[in-house]
Amino acid sequence: MATVPPAESPVREVQLSALVVMRLIKHSTQVWPQPATGCLVGMDVGAQLQITNSFPFPASNPDNTTGNPNATNPADPYHQADQLALALAAPRAKSSVAYQNEMIKYLREVNVDAQGVGWYVSCSMGNFVNASFVENQAFYQRATGEQTVALVFDVGRSSQGSFNLKAYRLSPSFMAACKENKFTTESIQKSNLRYQDILIELPVAIHNSHLLTSYLHQLPTSPTADTDLALPASLNELHRNPHLASNPLAPNLDNLDLSIDPFLEKTVDQLLDSIEAHQTEQNNAQYYQRSLAREQAKIQTWQLKRKQENALRVQQKQTPLPEDEWQKLFKLPVEPSRLEAMLVGRQVEQYARQIDGFGAVVSGKMFGVRGNLLPGEAA
Amino acid sequence: MGDSHNYLHLARPLAPAPIATSQSSVTAPVSVTLQPQALFSIIDHASRRPADQERVIGTLLGTRSEDGTEVSVTNCYAVPHTETAEQVEMDMDYQKRMLDLHLRAAPKEVLVGWYATSGELNTFSALIQNFYSQQGEGTFPHPAVHLTVSTVAGQDVEANTYISAPIGVTAERAADSCLFIPVPHEIKYDEASKSGLELIAGARDRDDRTQLMQTDLETLEHAIEQVLEMLERVSNYVSDVLDEEQQSSTALGQFLLNTLALAPKVDAEDIERDFNNHIQDVLLIDLSNRLATAAITMGGDTNVAGSGGDQQKQQGGGERGGERGGQRREGGGGQQQRSGQAGPGGRRGEQ
């Protein structure tokens with residue numbers, strides 16, 4: 001379910017070439033469970049963004065680390081988190097920008113489209129909505145006149161049968177808030193920003209070149225109706241027949257699988273994580289409000305005292321003391337940013353959408369199987 | 001395109017290597033596995049070649065097995081080169097620099113060979129092959145794999161893989177002479193690419209070669225339609241055999257019997273019970289998900305509404321939550337109390 005992008009959005013549709021699809025799958029499944037990030041190149045044709053090639057970003061920066069940059073010490077949990085954060089932050093890292101520019105320069109020499117049109121990231125079961133994702137896309141969308149998208153490839157869901165790739169952009173209202181970098185309660189109230197408004201989803205289509213289409217026609221799919229295959233002489237021969245045994249474009253029937261536990265388990269796990277994060281945010285907000293109330297109460301009492309003192313001094317014909325000294329004496333607590341809370345809300349909504357879709361598919365399959373196993377019963 | 005030709009591999013003659021035999025080149029047979037993304041990349045490059053060039057070349061990257069006999073090509077990139085009747089020029093700096101860049105992103109890959117987008121092999125191929133097999137820059141001591149992909153419009157795309165052995169006519173011509181030995185290759189489509197391939201192939205039969213991304217339900221519908229079509233074909237065949245219009249085959253009959261035996265034999269009550277449990281699991285998770293979403297939406301709204309309390313927002317949030325759980329229908333109450341409640345309430349739903 002793609003939200004309709006606003007009419008003035010510079011990008012309204014995304015078209016991928018088959019090459020990008022394959023490279024994306026390859027890279028994401030190779031470095032799973034780490035997230036895979038990379039750059040997209042292509043061309044914009046009006047409001048349609050055509051993505052024709054992609055290349056991965058190096059995950060670790062070899063200049064910073066002295067030893068082997070890929071070594072992870074399993075006894076050191078901090079280091080592990082660092083790798084993950086490093087991989088997620090790759091699209092906006094300075095070294096990656098240099099890498100990207102150099103790659104694009106070289107690719108231009110062999111006639112590959114030399115315009116960076118975005119970046120991609122892989123995730124598992126929809127857990128891509130985090131601060132890093134938003135910052136990366138904001139980094140790309142900051143330039144004027146840009147047309148960039150973020151592609152999110154869901155490794156977990158694609159392995160269940162249906163290929164799952166989505167394109168996102170940050171909404172203009174969110175970009176405006178990002179520019180000021182203020183996510184306090186009043187600014188959000190003023191701009192009326194809700195967590196549903198953060199991301200816009202764009203429709204994606206796949207487009208093949210002529211040469212590739214002719215190659216695809218060449219691949220064996222199913223034996224055509226008019227081929228006169230000789231009947232097999234034995235069961236073994238049937239199993240060993242190369243036409244039937246290995247068939248790359250055979251219908252992919254993985255999505256007829258009935259098992260629900262892995263999907264539900266993982267999603268609920270991640271949902272619990274999000275709810276915990278939400279709790280933390282709530283606690284922070286409440287703590288802030290409590291300390292703000294305390295500070296304000298203290299200021300009130302101080303002001304009262306000061307007024308009384310001044311009244312006394314006026315009686316004694318002395319100069320009154322300044323009343324606004326409280327600004328220097330009391331420091332109001334800083335309001336924590338509400339950005340994380342909004343992102344958690346968006347993430348939970350993402351999980352909810354996933355489960356909705358999954359529930360629909362599974363119910364259909366279940367009723368179908370039941371009707372088959374219990375023939376004669378009305379559904 | 002996995003062809004089943006038979007291959008006879010003749011051991012290559014050892015090259016007159018300047019280094020002692022401890023570093024001699026490998027002469028064992030080599031078999032090559034191609035990944036589809038490399039092939040797609042080559043086809044894409046072929047369609048982008050400059051108008052005046054017949055063929056374009058590039059470098060192959062991949063992994064090699066321990067003993068060097070199995071080579072898997074996982075990635076490739078194009079290298080600009082110019083070819084005239086008399087000479088060929090290749091941008092070596094470009095090749096080195098791109099290799100560097102690619103290895104930074106994928107440190108486990110190594111240089112395994114090169115490709116060309118036309119099926120012919122001539123002296124220029126030999127020259128380039130020797131460049132790729134040399135020491136230092138090339139794949140020495142392993143043989144460099146040469147992949148040719150014929151990309152003539154209108155004809156089949158054909159891929160061939162070779163390794164080379166030096167062949168000497170005279171000492172001066174040793175650099176551009178080469179014996180290309182064909183080696184078996186296979187295009188392997190692994191599990192993960194299956195779903196992507198299906199989508200790509202979906203664009204095959206349409207005029208504009210475009211295919212929109214499909215939702216889960218649409219993919220499910222497509223899969224069910226395919227299964228129904230297959231079932232119909234099989235049942236037509238079986239009824240034809242029974243009517244003696246088609247030849248019967250014991251192998252096919254055996255295969256079908258084996259497949260039918262896979263249908264489970266369970267009691268009706270067991271099926272009902274399992275079915276109900278299954279469906280209830282899914283519905284429960286769906287419900288608790290919606291509860292969590294509603295709770296978080298409300299929590300967000302009440303926090304943003306400020307300490308004064310925006311009655312409208314609270315009521316709207318209360319109603320939304322009220323659809324799912326009666327507890328949340330209270331209209332008043334301190335905002336802190338409510339958001340405090342929303343947290344553990346959402347949690348309770350999960351357990």
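Order of the sequence lines sets the chain letters (A, B, ...), proteins ahead of strands, with each chain counted from 1. Computed from a predicted structure; not experimentally measured.
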J.: How long is the straight-line distance from CZ of Phe40(B) back to CG of Asn53(A), given to the nearest 0.5 Å?
T.: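 If I round to the nearest 0.5 Å, the distance is 13.5 Å.
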J.: Begin from the C-alpha positions of Lys365(A) and Leu220(B) and carry the test side chain to side chain contact (heavy atoms under 4.5 Å, CB included) through to its verdict.
T.: CA-CA 9 Å; Lys365(A) 285 192 276 194; Leu220(B) 179 67; 3.9 Å; yes
J.: Can you tell me which portion of Tyr351(A) sits under 4.5 Å from chain B's heavy atoms? Options are side chain, backbone, both or neither.
T.: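 Interface part for Tyr351(A): both.
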J.: Is there a ring pair (Phe, Tyr, Trp, His ring centres under 6.0 Å) between Phe55(A) and Tyr77(B) once you walk through the steps?
T.: CA-CA 10 Å; Phe55(A) 52 85; Tyr77(B) 58 85; over 10 Å; no
J.: Under 4.5 Å heavy-atom distance to chain B, tell me which part of Val362(A) shows up: side chain, backbone, both or neither.
T.: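 It is the side chain, since no backbone atom gets that close.
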J.: Measuring from atom CG of Asn289(B) to atom CD of Gln350(A), what distance do you get when rounded to the nearest 0.5 angstrom?
T.: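 Answer rounded to 0.5 Å: 11.0 Å.
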J.: Out of Phe57(A), Phe263(A), Tyr195(A), return the one with the most heavy atom pairs under 4.5 angstrom to chain B.
T.: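 Looking at each option in turn, the highest pair count goes to Tyr195(A).
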J.: Top residue by heavy-atom pair count (under 4.5 Å) with chain A, among Lys188(B), Glu221(B), Glu218(B), Arg97(B)?
T.: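 Highest number of pairs under 4.5 Å: Arg97(B).
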J.: Which atoms form the tightest heavy-atom contact between Pro56(A) and Ala105(B), and what is the distance?
T.: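 Heavy atoms only, the tightest pair is O-CB, 3.6 Å.
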J.: Starting at CD1 of Ile355(A), measure out to CG of Leu287(B) and round the result to the nearest 0.5 Å.
T.: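 Interatomic distance, Ile355(A) CD1 to Leu287(B) CG, rounded to 0.5 Å: 11.5 Å.
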J.: Hey, are Arg370(A) and Asp274(B) close enough for a salt bridge, meaning a charged N less than 4.0 Å from a carboxylate O?
T.: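 Salt bridge between Arg370(A) and Asp274(B), a charged N being under 4.0 Å from a carboxylate O: no.
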J.: Among Gln37(B), Lys108(B), His222(B), Met98(B), which has the most heavy-atom pairs under 4.5 Å with chain A?
T.: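 So the answer, after comparing Gln37(B), Lys108(B), His222(B), Met98(B), is Gln37(B).
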J.: I'd like to know whether Gln35(B) forms a side chain to side chain contact (heavy atoms under 4.5 Å, CB included) with Met22(A), so could you lay out the CA-CA distance, the side-chain angles of the two residues, the decisive distance to 0.1 Å, and finally the verdict.
T.: CA-CA 10 Å; Gln35(B) 300 253 334; Met22(A) 297 303 288; over 6 Å; no
J.: Considering non-hydrogen atoms only, spot the tightest contact between Ile296(B) and Gly345(A) and give its length.
T.: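 Looking at all heavy atoms of both residues, the shortest contact is CG2-CA, 3.7 Å.
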J.: For the residue pair Ile25(A) and Gly196(B), what are the closest heavy atoms and their distance?
T.: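 Of all heavy-atom pairs spanning Ile25(A) and Gly196(B), the closest is CD1-CA, 3.7 Å.
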J.: Could you have a look at Leu283(B), Asp91(B), Ile271(B) and say which one has the most heavy-atom pairs with chain A under 4.5 angstrom?
T.: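 It is Ile271(B).
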J.: Evaluate the side chain to side chain contact (heavy atoms under 4.5 Å, CB included) criterion for residues Arg23(A) and Asn75(B): first the C-alpha distance (whole Å), next the side-chain angles of each, then the deciding distance (0.1 Å), finally the verdict.
T.: CA-CA 9 Å; Arg23(A) 287 184 79 105; Asn75(B) 204 351; 3.4 Å; yes
J.: I want to check something: taking the side chain as every heavy atom from C-beta on, are Asp113(A) and Arg48(B) in contact at a cut-off of under 4.5 Å?
T.: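 Yes, their side chains come closer than 4.5 Å.
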J.: Against chain B, work out which of Thr52(A), Thr267(A), Asn164(A), Val348(A) has the most heavy-atom pairs shorter than 4.5 Å and name it.
T.: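 The answer is Val348(A).
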J.: If you count heavy-atom pairs within less than 4.5 Å of chain B, which of Asp356(A), Leu107(A), Thr29(A) leads?
T.: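 Going by pairs under 4.5 Å, I would pick Asp356(A).
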J.: Please classify the contact of Asp44(B) with chain A as side chain, backbone, both or neither, using a heavy-atom distance under 4.5 Å.
T.: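 For Asp44(B), the side chain is the part near chain A, not the backbone.
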J.: Using non-hydrogen atoms only, which part of Leu165(A) is less than 4.5 Å away from chain B: side chain, backbone, both, or neither?
T.: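 Backbone plus side chain of Leu165(A), per the 4.5 Å heavy-atom cut-off to chain B.
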J.: His45(B) and Val112(A): side chain to side chain contact (heavy atoms under 4.5 Å, CB included), yes or no, with the steps?
T.: CA-CA 8 Å; His45(B) 182 212; Val112(A) 177; over 6 Å; no
J.: Using heavy-atom distances under 4.5 Å, tell me whether Val21(A) contacts chain B through its side chain, its backbone, both, or neither.
T.: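 Side chain of Val21(A) only, per the 4.5 Å heavy-atom cut-off to chain B.
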J.: Tell me every residue that passes side-chain contact (heavy atoms from CB on, under 4.5 Å) with Asp281(B), counting only those two or more places apart in sequence or in another chain.
T.: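 Partners of Asp281(B) under the side-chain contact (heavy atoms from CB on, under 4.5 Å) test: Ile260(A).
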J.: Are side-chain heavy atoms of Arg49(B) and Asn111(A) found at a separation under 4.5 Å?
T.: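 A side-chain contact under 4.5 Å is absent here.
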J.: So for His102(B), is it side chain, backbone, both, or neither that comes closer than 4.5 Å to the heavy atoms of chain A?
T.: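 For His102(B), backbone and side chain are both near chain A.
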J.: Minimum heavy-atom separation for Ser95(A) to Arg104(B), with atom names?
T.: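 Distance-wise, the nearest heavy atoms are O-NH2, 4.4 Å.
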J.: Less than 4.5 Å to any heavy atom of chain B: does that hold for the side chain of Ala341(A), its backbone, both, or neither?
T.: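 Neither the backbone nor the side chain of Ala341(A) comes within 4.5 Å of chain B.
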J.: Ignoring hydrogens and angles, tell me if any N or O in the side chain of Tyr106(A) forms a donor-acceptor pair with the backbone of Tyr94(B) under 3.5 Å.
T.: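 No, Tyr106(A) side chain to Tyr94(B) backbone: no donor-acceptor pair under 3.5 Å.
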J.: Where does Ile206(A) contact chain B at under 4.5 Å (heavy atoms): side chain, backbone, both or neither?
T.: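 Interface part for Ile206(A): both.
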J.: Which one of Met103(A), Glu109(A), Gln30(A), Glu102(A) has the most heavy-atom pairs closer than 4.5 Å to chain B?
T.: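 If we count pairs closer than 4.5 Å to chain B, Glu102(A) comes out on top.
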J.: Mind checking whether Thr74(B) and Lys26(A) have side chains closer than 4.5 Å, heavy atoms only?
T.: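 Answer yes - side chains close enough.
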J.: Is there a side-chain contact between Val79(B) and Val110(A) (heavy atoms, below 4.5 Å)?
T.: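 No. Closest side-chain heavy atoms not under 4.5 Å.
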J.: Mind checking the OG-CD1 spacing from Ser363(A) to Ile279(B)? Nearest 0.5 Å is all I need.
T.: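 It comes to 4.5 Å.
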